[in-house]
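Okay, so here's the structure we're looking at.
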Protein chains: 2
Amino acid sequence: MTQSADIRRRLEEHGIQASAQRLAIAEYVLATDQHPAADTVLEVVAARLPVVSRATVYNTLHLFVEKGLLRELVLSEGRVVYDPKVEPHHHFVDEASGAIVDVPWDALRVEGVPELPGLDVSEFQVVLRGRRRSRRREG
Amino acid sequence: MTQSADIRRRLEEHGIQASAQRLAIAEYVLATDQHPAADTVLEVVAARLPVVSRATVYNTLHLFVEKGLLRELVLSEGRVVYDPKVEPHHHFVDEASGAIVDVPWDALRVEGVPELPGLDVSEFQVVLRGRRRSRRREG
DNA sequence: CCGAGGGTTAGACTTAGTCTAAGAACGATG
DNA sequence: CATCGTTCTTAGACTAAGTCTAACCCTCGG
């Protein structure tokens, strides 16, 4: 379990005191390439760790967000979702499945943001919607 | 009340049968330059019209969205919000107040969308966050 | 060993939204 | 004008996501 030690170090570097629950949550949510909701995190973590309460999952996710380990996304109706990739990037939402796909920052160019009158923009992203082309099924 | 007749016509053009409740809701939500939540719509409309139920407000908003009179936005935590401006544009969220500001489509240029591999993008927008510079208080 | 400060817990609570079953209004038809 | 079927509206029960609270339990320093 060097991975666990790794994660423990990461937490501590971010000023977060480790605990069994926080480690279990971190192991899942910091490593996934999905964009899980709090709900999902609770399910997944509860399966590993004997008992974790809902309050702890919410507390921990908020803590991770506050400490910059995680980013909170609200892309579609009623779904708050967590993204371990904290560096800037864009998001594509598949309308069929609801799946969220990361789009690398450099894949798009956005011009004109600094020129917006009256707005001090601290961050932005492009949110795209559509269908994922199925690339399977034809070699 | 030529405005009311106007709105009635707009509803009918979109295949929506008019009713007192729908007119009252439309009069507010199609004319505002804010981005009200369902909640707010209920409050505002209830103040004018003797009695409107929550179910009707939700039904009507969904109907308007379906018929293309309104667009649903989910920009920040737990807030589904309605925008009568249905043509493409971007959005700025003021972090201090939560206010949503429309950013005209032409104010920004986004390049690279058609080239995204594996994604059929049907729509997109830039979502910006930051502070609104206060332009008042100095003439 | 003790106490203080975090961390965790179950469960009550809140809020946004949906569902349901019943009633009211509408509009075509005789 | 009466009737009937369809559409619209309603109150209130229900659900789902998230927050709050008060008690409990670790752990670490003294």
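In what follows, chains are A, B, ... by sequence order, proteins preceding strands, each numbered from 1. Keep in mind that this is a model prediction, so the values were computed, not measured.
OP1 or OP2 of D:dT9 has at least one side-chain nitrogen or oxygen of B:S19 nearer than 4.0 Å.
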Please encode protein proximity along nucleotides 9-17 of chain C as a string of B, S and -, counting only heavy-atom distances under 4.0 Å. BB-B---SB

Please encode protein proximity along nucleotides 23-30 of chain D as a string of B, S and -, counting only heavy-atom distances under 4.0 Å. --------

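Look at CD on A:E72: it is 15 Å from P on D:dA17, rounded to the nearest Å. The distance between atom NZ of B:K67 and atom P of D:dT7, rounded to the nearest whole Å, is 12 Å. One can place CD1 of A:I16 at 14 Å from C1' of C:dG6, the figure rounded to the nearest angstrom. Atom CD in A:Q17 sits roughly 5 Å away from atom P in C:dG7 (whole-Å rounding). Whole-Å rounding puts the B:R22 CZ to C:dA25 P distance at 15 Å. Taking atom CG of B:L61 as the reference point, atom C1' of D:dT9 lies 15 Å away to the nearest angstrom.
For the 3.5 Å distance criterion, the side chains of B:D94 and B:S97 qualify, holding a donor opposite an acceptor.
Pairing each heavy atom of A:T32 with each of A:V29, the nearest pair is CG2-O, 3.6 Å.
By the 6.0 Å contact criterion, CZ on A:R8 is open, its count of non-hydrogen atoms from other residues, nucleotides or ligands being 12 or less.
Residues satisfying the side-chain contact (heavy atoms from CB on, under 4.5 Å) test with A:S19, not counting sequence neighbours, are A:Q21, A:R22. In this structure B:H35 satisfies the ring-ring contact (aromatic ring centres under 6.0 Å, His included) test together with B:H91, sequence neighbours excluded. With sequence neighbours excluded, the residues that form a ring-ring contact (aromatic ring centres under 6.0 Å, His included) with A:F124 are A:W105.
Although no hydrogens or angles enter the test, the distance criterion places a donor-acceptor pair under 3.5 Å between the side chain of A:R79 and the main chain of A:G98.
Hydrophobic cluster membership of B:V93, counting Ile, Leu, Val, Met, Phe, Trp and Tyr whose side-chain heavy atoms lie under 4.5 Å apart directly or via other members: A:L73, A:L75, A:V81, A:V93, A:I100, A:V127, B:L73, B:L75, B:V81, B:I100, B:V127.
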